[in-house]
Amino acid sequence: MARILITSAIPYINGIKHLGNLVGSQLPADLYARYMRGRGHEVLFLCATDEHGTPAELAAAKAGKPVAEYCAEMWSVQKELSDGFRLSFDKFGRSSSPQNHALTQHFAGRLADAGLIEEVTEKQVYSNADGRFLPDRYIEGTCPNCGYDKARGDQCENCTKQLDPTDLIEPRSAVSGSTDLEVRETKHLYLKQRSLRGELSDWIDSKTDWPILTTSIAKKWLNDGDGLQDRGITRDLDWGIPVKKGDADWPGMEGKVFYVWFDAPIEYIACAKEWTDATGKPDADWERWWRTDKGADDVRYVQFMGKDNVPFHTLSFPATIIGSGEPWKLVDYIKSFNYLNYDGGQFSTSQGRGVFMDQALEILPADYWRWWLLSHAPENSDSEFTWENFQASVNKDLADVLGNFVSRVTKFCRSKFGEQVPSDGAWGDEENALIEKLQSGIAAYETQMEAIEVRKAANELRALWALGNEYLQGAAPWSVFKEDPERAAAQIRLALNLIRVYAVLSAPFIPDAAAKMLSSMNTLDTEWPGDVKSALTALPEGHAFTVPEVLFAKISDEEREDWQTKFAGVRT
RNA sequence: GGGCCUGUAGCUCAAUUGGUUAGAGCAGAGCGCUCAUAACGCUUUGGUUGGGGGUUCGAGUCCCUCCGGGCCUACCA
């Protein structure tokens, strides 16, 4: 039995996430976690909300609430939605937790002791009206290059020229519109990533099995221009983790907090402590996942994220860990995803475009979304959600192929043999041929799942479902029954058992439907079908079952058109 | 501007890393079945692999070039 640590990129706190966010990290991470648990491995699956930074403060202000209160509320909302999508986190933590405060300060202290922190005095734009320093992109003005009047302080969206906020003509605050801006000096801590470049580079080079998307981004940051740059790890904000050197104050850094990208990945670790603290377990229970000197040396650590997160997970966070000089577990494999587009454009949280997690669950059960999103996961390139494709895929795969299989088998049995697994009769060549196909199909499914090839795994699973229908067509128990009821009994006994096998195989993708299949088969046996032949005898002769309700109702054209219209505009 | 990814059948995607005649699912067509959510099965029509050039015995795959789509470019996260 292996031990697998799984983390999903932690979703930002400032609102409900859309389906693109979901499929880019949390959902495939959940698929993998459920699969590995199903195979009998020990899994720790962690996620949290990412709560610090300027956007959180502004969102709270917009909502008219103190930022701590706002974040607590949004955490509850996101928790409820992740439950709704059946995301099986062992702990859904918060980057604002006391555990993360302590650990982040601890890491900063270690890095300072190692000589990897530098104090830098720099100039930043301060908005008097807003009472805050403004990140470059929160300053707007006229582009000196092209004259575009909504250029941002980091870059002009119109002519793509990179800018400095002081380049802008008539700069103003993007928050309030105020032009009462001034340049102030402020002191910040920088993590001297440059001195870790060699170690990071060697480490990345050793990861020959990582996706191209992941390593190419990392190598670009390592080698582009002057190479990896030092990075500011503090900010002038109210909401965040106060800058401290371990337990001790950090002279000159009073009133400042750590940069959100410094503390957010550390929450992966702190979340594990949140988990043991909440369940009354000793620290040793989380340390055996994270400390290679305390049992984590046999852990395989897999991270899931969208491509925009890759630099922080391949460089910044490893720099923090390596620089600490302590034996923390480094990531073994990074699975990164491209973006999901919505009907010809991008999903957009800020513009309210697309389908959001709460809306999705209002119109259909989680399994529908899980199946479509995972079977169309944007692994090699960006992919696109359209209502037509969604309707067609879900109706065909879930309702016609899988759902109808369960339906036709259980109803036929009920009408001919009653609601119990029929006795008598023996398997013949057709059954052996089916078993052989199932055995190799399951092996193919396992291969794709181990490799975290999400779409390919979905294809293999679908092919396994189709085998059931092919078998029934060939065996034709409805005809056989007339001449040889015992033979038909053997066929249906196999088919009923196949429903249980499908439930176990399908649970990582569609956990609710899988649970329904198991309960209608009246069994708690979720053992992985390693040996198909014996797995198909798990439900013995005479075992009672019930015919389930329709597993997946089809999406009608009217519904689809209705949703197309409803989601055509922007969310208000 | 620079870097990276990407373009394969009407649609969504494969193609064992340069190796037979480029394959699946959906949609379309035909046949079959009648247990089932009008579901299922079998057969089948669709491709000058974005255009052009090159390397090679051999190119979807490698090189050059042009065209289209996307991402990143370090103070949004």
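In the text below, chain A, chain B and the rest are named by the order of the sequence lines, each starting its count at 1. Please read these numbers as outputs of a predicted model, since none were measured by experiment.
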Give the table of side-chain donor-acceptor pairs shorter than 3.5 Å for residues 414-421 of chain A, with sequence neighbours excluded, one pair per line with atom names and distance.
from: Ser415(A); atom 1: OG; to: Phe412(A); atom 2: O; distance (Å): 3.0
from: Glu419(A); atom 1: OE2; to: Val547(A); atom 2: N; distance (Å): 2.8

Notebook entry, point to check: What's the base orientation of rU17(B): syn (chi within 90° of 0) or anti?
Noted result: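 Chi for rU17(B) falls in the syn range.
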
Under a 4.0 Å heavy-atom cut-off, which of [range] touch RNA chain B?
range: residues 481-488 of chain A; value: none
range: residues 392-401 of chain A; value: Lys396(A), Ala399(A), Asp400(A)
range: residues 256-268 of chain A; value: Tyr259(A), Val260(A), Trp261(A)

Next item on the list: Output all residues satisfying side chain to side chain contact (heavy atoms under 4.5 Å, CB included) with Ala59(A), sequence neighbours left out; order by chain, then residue number.
Entry: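 Checked Ala59(A) against side chain to side chain contact (heavy atoms under 4.5 Å, CB included); matches are Asn14(A), Tyr70(A).
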
Centroid-to-centroid, [X] to [Y], below 6.0 Å?
X: Trp371(A); Y: Trp465(A); result: yes
X: Phe317(A); Y: Phe312(A); result: no
X: Phe347(A); Y: Phe356(A); result: no

Margin query: Once you apply a heavy-atom cut-off of 4.0 Å, does Gln229(A) come out as touching a base, just sugar-phosphate, or nothing?
Written below: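 It contacts base atoms.
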
Notebook entry, point to check: So which nucleotide from rC75(B), rG41(B), rA14(B) ends up closest to the side chain of Ala466(A)?
Noted result: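 The answer is rG41(B), which lies nearest to the side chain.
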
Checklist line | Minimum-distance nucleotide (side-chain atoms of Lys456(A) versus rC76(B), rA14(B), rC75(B)) | finding: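 So the side chain of Lys456(A) is nearest to rA14(B).
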
Checklist line | Residue pairs, two or more places apart or on separate chains, that pass side chain to side chain donor-acceptor pair (under 3.5 Å) and touch residues 477-490 of chain A | finding: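 Qualifying pairs, neighbours excluded: Glu430(A)-Arg487(A), Glu431(A)-Arg487(A).
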
Notebook entry, point to check: Has Trp478(A) got its ring stacked on rC35(B), by the test of a centre gap below 5.5 Å and a plane angle below 30°?
Noted result: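 Stacked: ring centres under 5.5 Å, planes under 30°.
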
Partners meeting ring pair (Phe, Tyr, Trp, His ring centres under 6.0 Å) with [X] (sequence neighbours left out):
X: Tyr126(A); result: Phe133(A)
X: Phe552(A); result: Tyr368(A)
X: Phe545(A); result: none

Next item on the list: Taking the side chain as every heavy atom from C-beta outward, state whether Ile117(A) and Lys192(A) have any atom pair closer than 4.5 Å.
Entry: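 In short, these two side chains do not touch, never coming nearer than 4.5 Å.
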
Check: Which comes earlier along RNA chain B counting from the 5' end, the contact point of Gly53(A) or that of Leu402(A), where each point is its nearest nucleotide?
Finding: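 That would be Leu402(A).
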
Anything under 3.5 Å between a protein N or O and an N or O of nucleotides 6-13 of chain B, put it in a table, one pair a line.
from: rC13(B); atom 1: O3'; to: Arg455(A); atom 2: NH2; distance (Å): 3.3

Next item on the list: Quick one: stems involving RNA chain B, counted as three or more successive Watson-Crick or G-U pairs, both distances short of 3.5 Å.
Entry: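 For RNA chain B the paired stretches long enough to count as stems (3 pairs minimum) are B:1-7 with B:67-73, B:10-13 with B:23-26, B:28-32 with B:40-44, B:50-54 with B:62-66.
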
Check: Mind checking what makes side-chain hydrogen bond (donor to acceptor under 3.5 Å, both in side chains) contact with Asp238(A), not counting sequence neighbours?
Finding: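 With sequence neighbours excluded, Asp238(A) shows a side-chain hydrogen bond (donor to acceptor under 3.5 Å, both in side chains) to no residue whatsoever.
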
